[in-house]
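Down below is the structure, laid out as structure tokens.
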Amino acid sequence: MGRAGGMSARLLRWYDAYARVLPWRERPGQMPGQIPGANRADPYRVWLSEVMLQQTTVAAVIPYFERFTQRWPTVAALAAADEGEVMAAWAGLGYYARARNLVACAKAVAGRPGDGAGVFPDSEAGLRALPGLGAYTAAAVAAIAFGQRAVVVDANVERVVARLFAIATPLPAGKAEIRAATDTLTPDLRAGDFAQGMMDLGATVCTTRAPACLLCPLAKDCAAHAQGDETAYPVKARKAPKPERRGRAFWITRGGEGQQEVWLVRRPARGMLGGMLALPDDGWSAKGDGGSVRGDGVAPLPGPWHVAGAVAHVFTHFSLRLELAVYSPVDSPVDLGADWDSLPGDAEAGGGRWWPLARLAEAGLPTLYAKAARLVWPQ
DNA sequence: AAGCCGTGGGG
DNA sequence: TCCCCAAGGCT
């Protein structure tokens, strides 16, 4: 057995002993010398978990995974689900294009011709062609659910491998080099357990800030450890500072005590918070861009309003300070309900709708709007 | 191909 | 407080 073989064997033994117990995962190492795919797990659950885990922590995913699998136990059930309900169930998890792709992928799988209906493709290439599955997810599902040998590289593997081989090429340029090195380590058998083991190692031992090399089964093979500077790898460029944006959302209600409703809009499928229900807003103009207002606008609305407060929210590439303007308080003489046509809402996205305040939690607002709503409507 | 796309937790 | 980052994909 070569050096790479020794490393993967050590990693698999470590995984057999210390694998995290996760809802979508089968227990490893039940059968020494097992055949390929001996640990294969339900492809639907593997796929769903992998999509949820894209750029998202395990702790954040677990409750969503439990709710989704309870409500939609099979890919066929998910394919038949109302898309709005899926989006609402995804609310709070972020990167909402994943939810739209999730539905599209479920429909594609459920609609596969012949005996394949409702069955995921079992090859990496077949999986890669499905919406929402990129290089990582296709490889992960092929390996974990179908026992295929696939080279699985996520941010954990990138970090572990960059350290093992002291790869100094900065990311993302270094990705090719890292993938090639991962390929040499990946075993023909148990590629899925190997991938999960590498990810567990990265998540629990070979961590970004303070790697626990004393606990690492690969420490004696690790070039960065030999150099005494594990955290020097992988090399990454510094991120650009986030610009600040400001915006104003509108809290428009109607109805009497106990029967109040709030005006919600469906955001366009593309762009920020695409496809999600939201409070109408003015488009979050960037500071200093002339105050250009895109989106819903508020000019046509009659009646007095006041600013109830503001929330701060940080997105991937900008931060936002969102004011909440409250229209038509309960005692207002203005009946906005009679002014339906003038209410804001993107027609192509389905316009807007009055939503009972008592059931606001079920609307599935993205965190930004949930925070804003909390200013005037306690949970 | 570089920018867009959420959120919450940890140091 | 602020910065970094997490089982990335799409355009």
Subject >> Of all pairs that satisfy salt bridge (Lys or Arg N to Asp or Glu O under 4.0 Å), the ones with a partner from residues 4-15 of chain A, not counting sequence neighbours >> reply: A:R10-A:D221

Original post:
Does the side chain of A:F146 come within less than 4.5 Å of A:F120's, by heavy atoms?
Top reply: yes

Original post:
Hey, does A:V314 reach any base, or is it just sugar-phosphate, or nothing, if we go heavy atoms under 4.0 Å?
Top reply: base

Validation: residues 203-220 of chain A side-chain donor-acceptor distances under 3.5 Å, sequence neighbours left out:
from: A:T204; atom 1: OG1; to: A:D200; atom 2: O; distance (Å): 2.8
from: A:T207; atom 1: OG1; to: A:A210; atom 2: O; distance (Å): 3.1
from: A:T208; atom 1: OG1; to: A:R159; atom 2: NH1; distance (Å): 3.4

**OP:** With a 4.0 Å heavy-atom cut-off, tell me which residues in residues 82-91 of chain A come close to DNA chain B, sorted by residue number.
**Re:** none

Original post:
Taking only N and O in the side chain of A:R270, is any of them less than 4.0 Å away from OP1 or OP2 of C:dT11?
Top reply: yes

Original post:
At what distance, to the nearest 0.5 angstrom, does CZ of A:R254 lie from CD of A:Q260?
Top reply: 11.5 Å

**OP:** Using a cut-off of strictly less than 4.0 Å, decide whether A:H313 has a side-chain nitrogen or oxygen near OP1 or OP2 of B:dT7.
**Re:** yes

Original post:
Which salt bridge (Lys or Arg N to Asp or Glu O under 4.0 Å) pairs, counting each pair once, include a residue from residues 160-182 of chain A, with sequence neighbours left out?
Top reply: A:E158-A:K175

Subject >> Qualifying salt bridge (Lys or Arg N to Asp or Glu O under 4.0 Å) pairs, either residue in residues 114-127 of chain A, two or more places apart >> reply: none

Original post:
Residues two or more places apart in sequence or in another chain: which of them pass salt bridge (charged side-chain N to carboxylate O under 4.0 Å, His left out) with A:D229?
Top reply: none

**OP:** Give me the residues of residues 102-112 of chain A where at least one heavy atom lies under 4.0 Å from an atom of DNA chain C, by number, or none.
**Re:** none

Each nucleotide N or O in nucleotides 7-9 of chain C that has a protein N or O under 3.5 Å away: list the pair and distance.
from: C:dA7; atom 1: OP1; to: A:N156; atom 2: ND2; distance (Å): 2.8
from: C:dA7; atom 1: OP2; to: A:N156; atom 2: OD1; distance (Å): 2.5
from: C:dA7; atom 1: OP2; to: A:N156; atom 2: ND2; distance (Å): 2.7
from: C:dA7; atom 1: O5'; to: A:D154; atom 2: OD2; distance (Å): 3.4
from: C:dA7; atom 1: O5'; to: A:N156; atom 2: ND2; distance (Å): 2.6
from: C:dA7; atom 1: O4'; to: A:D154; atom 2: OD2; distance (Å): 2.8
from: C:dA7; atom 1: N9; to: A:Y136; atom 2: OH; distance (Å): 3.4
from: C:dA7; atom 1: N7; to: A:E50; atom 2: OE1; distance (Å): 3.4
from: C:dA7; atom 1: N7; to: A:E50; atom 2: OE2; distance (Å): 3.3
from: C:dA7; atom 1: N6; to: A:W24; atom 2: NE1; distance (Å): 3.0
from: C:dA7; atom 1: N1; to: A:R20; atom 2: NH2; distance (Å): 3.3
from: C:dG8; atom 1: OP1; to: A:A155; atom 2: N; distance (Å): 3.1
from: C:dG8; atom 1: OP2; to: A:Q55; atom 2: N; distance (Å): 3.0
from: C:dG8; atom 1: OP2; to: A:Q55; atom 2: NE2; distance (Å): 3.3
from: C:dG8; atom 1: O5'; to: A:Q55; atom 2: N; distance (Å): 3.4
from: C:dG9; atom 1: OP1; to: A:G134; atom 2: N; distance (Å): 2.8
from: C:dG9; atom 1: OP1; to: A:T137; atom 2: N; distance (Å): 3.0
from: C:dG9; atom 1: OP1; to: A:T137; atom 2: OG1; distance (Å): 2.6
from: C:dG9; atom 1: OP2; to: A:A135; atom 2: N; distance (Å): 3.4
from: C:dG9; atom 1: OP2; to: A:Y136; atom 2: N; distance (Å): 3.3

Got a list of protein N/O to nucleotides 9-11 of chain B N/O distances below 3.5 Å?
from: B:dG11; atom 1: O4'; to: A:R209; atom 2: NH1; distance (Å): 3.4

Original post:
Is the phosphate of B:dC5, meaning OP1 or OP2, less than 4.0 Å from a side-chain N or O of A:H317?
Top reply: yes

Sequence neighbours left out, cut at 3.5 Å: what donor-acceptor pairs do the side chains of residues 99-107 of chain A make with other protein atoms?
from: A:R100; atom 1: NH1; to: A:E83; atom 2: OE2; distance (Å): 2.4
from: A:N101; atom 1: ND2; to: A:A97; atom 2: O; distance (Å): 3.4
from: A:K107; atom 1: NZ; to: A:A79; atom 2: O; distance (Å): 2.9

Original post:
Any Lys/Arg nitrogen of A:R246 or A:D282 sitting under 4.0 Å from an Asp/Glu carboxylate oxygen of the other?
Top reply: no

**OP:** May I ask you to say what A:L93 touches in the nucleic acid, namely base, sugar-phosphate or nothing, with a heavy-atom cut-off under 4.0 Å?
**Re:** base

Original post:
For DNA chain C, what residues of residues 160-174 of chain A have any heavy atom nearer than 4.0 Å?
Top reply: none

Subject >> Pairs satisfying salt bridge (Lys or Arg N to Asp or Glu O under 4.0 Å), at least one member in residues 45-69 of chain A, at least two apart >> reply: none

**OP:** Decide whether a cation-pi geometry holds between A:R267 and A:W284; the criteria are a distance under 6.0 Å from NZ or CZ to the six-membered ring centre and an angle within 45° of the ring axis.
**Re:** yes

**OP:** Return yes if some donor-acceptor pair links the side-chain N/O of A:R98 with the main-chain N/O of A:Q54 below 3.5 Å, else return no.
**Re:** yes

